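Presented below is the structure to which this report refers.
In this text the structure is predicted, and so the values were computed from the model without any measurement. What you see below is based on every heavy atom in this structure, not just the backbone, and it leaves out hydrogens, waters and symmetry mates.
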Amino acid sequence: MLLEVFSNHEALSLAVAKHILALVRNKPNATLVLTSGNTPILAYQKLTELAKTEDFDQTFIIGLDEWVGISGESEGSCRYIVEQNLLKPLNIPESNYAFFDSMTEDLESECKRVDDLIFAKGGLDFILVGLGTNGHLGLNEPGSSFDSYCQVTNLEEVTAITGQKYFNSSTPLTKGITVGLKHLLDAKEAMVMANGAGKADIIKRMISEEINEKLPATVLRKHKDGLLWIDKEAAANL
C-alpha cells in the first residue's frame, strides 16, 4: 500500500481527478467502481472540468454501494451523487454505467447481477472508496469477509447516524448493498480517499493495527497496488 498526503482537500481532489483521467486515457475501455459521499464530490467536479473534451464512450462505471430501501433518485443515494456530479455533466450515457437496485425485494439476485457484470468485464481496473470512521470501505462494515464479493450488510449505528447528513430529512438506514472486499482485492488498482480531521484516528488505526476483518480498511494493505490518498488533516496522527 502506498500512502500519499496532500496539502488540503482541494489538492487531494485534483490529484484523484487527474489519476482517473490518466487511467481512462491509458485504457479507454476501463471498468471503474466509484464511491459517493462528500469526500469524492470535489474530485468528480474537478474531473468534469478536466475531461470536457474526453471520450468516455468505452468506459464503464459501477456504483460502489447503496442504502437498501432508498431509491437511486434520492439525494443521499450513490447513484444520485455520482450522476449529478460526474456522469451527467460529462454526458455519459446510462448504457455506460450501473448501480445497485436498492429497492428490489431480491437483494441476493441483485448482488449476483453486479458480480456477474464485473466478471463479464474481466474484473475491475480501478476502485475508489471512501473510509468510514468505523473502518468500513463502501458499506462493508466491520466483520465483513475479505473473501466476499457483492453483499448485503447490516449497518452499524455509527454508519446509520453518519448517513443522515446525505439526506434532507430523517431517513431510516438499516442495511446496505455493496461491492465486496474481494472485488477490491481483485481490482488492478484500489484507492482509499479520505480527508479531514475526523478521519485522523481511523487512518492511524488502518495503518498501524493488525490486518483483520474487524477493521475492513486494513484490507488495503493486502492489495498488490493499493493507494491511500489523504490530506494533511487526515494524516494528523501519523
Side-chain angles (χ1 to χ4, degrees), residues 32-41 44 61-87 97-118 124 127-187 190-194 198-199 202 206 212-220:
L32 319 177
V33 163
L34 298 180
T35 187
S36 61
N38 290 333
T39 298
I41 287 178
Y44 297 155
I61 295 168
I62 298 170
L64 175 63
D65 54 25
E66 289 292 0
W67 311 106
V68 169
I70 303 299
S71 167
E73 297 177 355
S74 168
E75 74 278 1
S77 72
C78 181
R79 179 172 190 138
Y80 183 89
I81 291 170
V82 178
E83 272 190 336
Q84 295 301 314
N85 292 285
L86 183 67
L87 304 178
Y97 60 85
F99 290 84
F100 286 104
D101 176 4
S102 52
M103 301 298 288
T104 182
E105 293 183 2
D106 191 345
L107 293 169
E108 294 306 320
S109 291
E110 185 63 6
C111 287
K112 185 177 186 302
R113 179 184 72 86
V114 178
D115 281 336
D116 289 346
L117 176 59
I118 293 172
L124 302 175
I127 180 169
L128 175 67
V129 298
L131 175 63
T133 55
N134 65 349
H136 73 218
L137 300 180
L139 290 176
N140 294 286
E141 294 281 56
S144 294
S145 171
F146 291 169
D147 293 321
S148 290
Y149 286 111
C150 293
Q151 64 168 345
V152 177
T153 62
N154 294 313
L155 303 181
E156 291 197 345
E157 183 179 9
V158 64
T159 302
I161 292 172
T162 303
Q164 296 302 315
K165 66 184 178 183
Y166 303 117
F167 298 92
N168 294 325
S169 59
S170 179
T171 304
L173 303 172
T174 58
K175 292 181 179 292
I177 184 168
T178 184
V179 171
L181 299 175
K182 187 68 167 69
H183 280 305
L184 182 146
L185 280 172
D186 290 349
M191 178 184 290
V192 172
M193 178 187 185
K199 298 296 173 69
I202 194 62
M206 174 185 176
N212 71 97
E213 294 176 348
K214 293 180 181 179
L215 191 59
T218 59
V219 75
L220 191 70

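Remark: side-chain polar atoms of Lys175 are not paired, donor with acceptor, to backbone N or O of Val152 under 3.5 angstrom. Although no hydrogens or angles enter the test, the distance criterion places a donor-acceptor pair under 3.5 Å between the side chain of Ser77 and the main chain of Tyr80. The main-chain N or O of Leu139 is found under 3.5 Å from a side-chain atom of Thr153 such that the two form a donor-acceptor pair. Ser102 places a side-chain N or O within donor-acceptor distance of the main-chain N or O of Ile70, the cut-off being under 3.5 Å. Remark: the backbone N or O of Ile81 is paired with a side-chain donor or acceptor of Asn85 at under 3.5 angstrom. Not a single donor-acceptor pair under 3.5 Å links the side chain of Glu110 to the backbone N or O of Asp106. Between the side chain of Glu66 and the backbone N or O of Cys78 there is at least one donor-acceptor pair closer than 3.5 Å. Judged by distance alone, the side chain of Thr171 and the main-chain N or O of Ser169 form a donor-acceptor pair under 3.5 Å. The closest donor-acceptor contact from the side chain of Thr218 to the backbone of Leu215 lies under 3.5 Å.
Rounded to the nearest 0.5 Å, atoms CG (Leu155) and CG (Leu173) are 6.5 Å apart. Rounding to the nearest 0.5 Å places CG of Leu86 at 12.5 Å from OG of Ser36. Taken from CZ in Phe146 to NZ in Lys182, the straight-line distance is 12.5 Å, to the nearest 0.5 Å. A distance of 9.0 Å separates OG in Ser71 from CG in Asp101, rounded to the nearest 0.5 Å. Atom SG of Cys111 sits about 11.0 Å away from atom CG of Asp116, to the nearest 0.5 Å. Rounding to the nearest 0.5 angstrom, the gap separating the CG atom in Leu131 from the NE2 atom in His136 is 7.5 Å.
Here the side chains of Pro142 and Glu156 are in contact, with some heavy-atom distance below 4.5 Å. Side-chain contact between Val219 and Leu137 is present, with at least one heavy-atom pair separated by less than 4.5 Å. Between Leu34 and Tyr44 the shortest side-chain heavy-atom distance falls below 4.5 Å. Ile177 has its side chain out of reach of Asp65: every pair of non-hydrogen atoms, C-beta onward, lies at least 4.5 Å apart. A heavy-atom distance below 4.5 Å is found between the side chains of Glu83 and Tyr97. Side chains of Val129 and Leu64 form a contact here, defined as non-hydrogen atoms less than 4.5 Å apart. Using a 4.5 Å cut-off on side-chain heavy atoms (C-beta onward), Phe100 and Val68 make no contact. Side-chain contact check for Asp115 versus His183: some heavy-atom pair is nearer than 4.5 Å.
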**Request:** Using the side-chain contact (heavy atoms from CB on, under 4.5 Å) rule, take Glu213 and Ser144 through it: C-alpha gap first, then chi angles, then the decisive distance, then the call.
**Result:** CA-CA 6 Å; Glu213 294 176 348; Ser144 294; over 6 Å; no
**Asked** Please walk me through it: do Ile127 and Met191 pass side-chain contact (heavy atoms from CB on, under 4.5 Å)?
**Response** CA-CA 6 Å; Ile127 180 169; Met191 178 184 290; over 6 Å; no
**Request:** Could you give me the CA-CA distance, side-chain angles and deciding distance for Val158 and Thr133, then say whether side-chain contact (heavy atoms from CB on, under 4.5 Å) is met?
**Result:** CA-CA 8 Å; Val158 64; Thr133 55; 3.7 Å; yes
**Request:** Before giving the answer on side-chain contact (heavy atoms from CB on, under 4.5 Å), spell out for Ile62 and Phe99 the whole-Å C-alpha distance, their side-chain angles and the decisive distance to 0.1 Å.
**Result:** CA-CA 6 Å; Ile62 298 170; Phe99 290 84; over 6 Å; no
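Asn38 and Tyr166 share no donor-acceptor pair across their side chains, judged by distance under 3.5 Å alone.
The residue from Thr178, Thr159, Asn154 that alone fulfils the side chain to side chain donor-acceptor pair (under 3.5 Å) condition with Glu141 is Thr159.
Shown here for Gly180 and Asn140, the closest heavy-atom pair between the two residues is CA-OD1, 3.6 Å. The two residues Cys150 and Val114 have their closest heavy-atom pair at SG-CG1, 3.7 Å.
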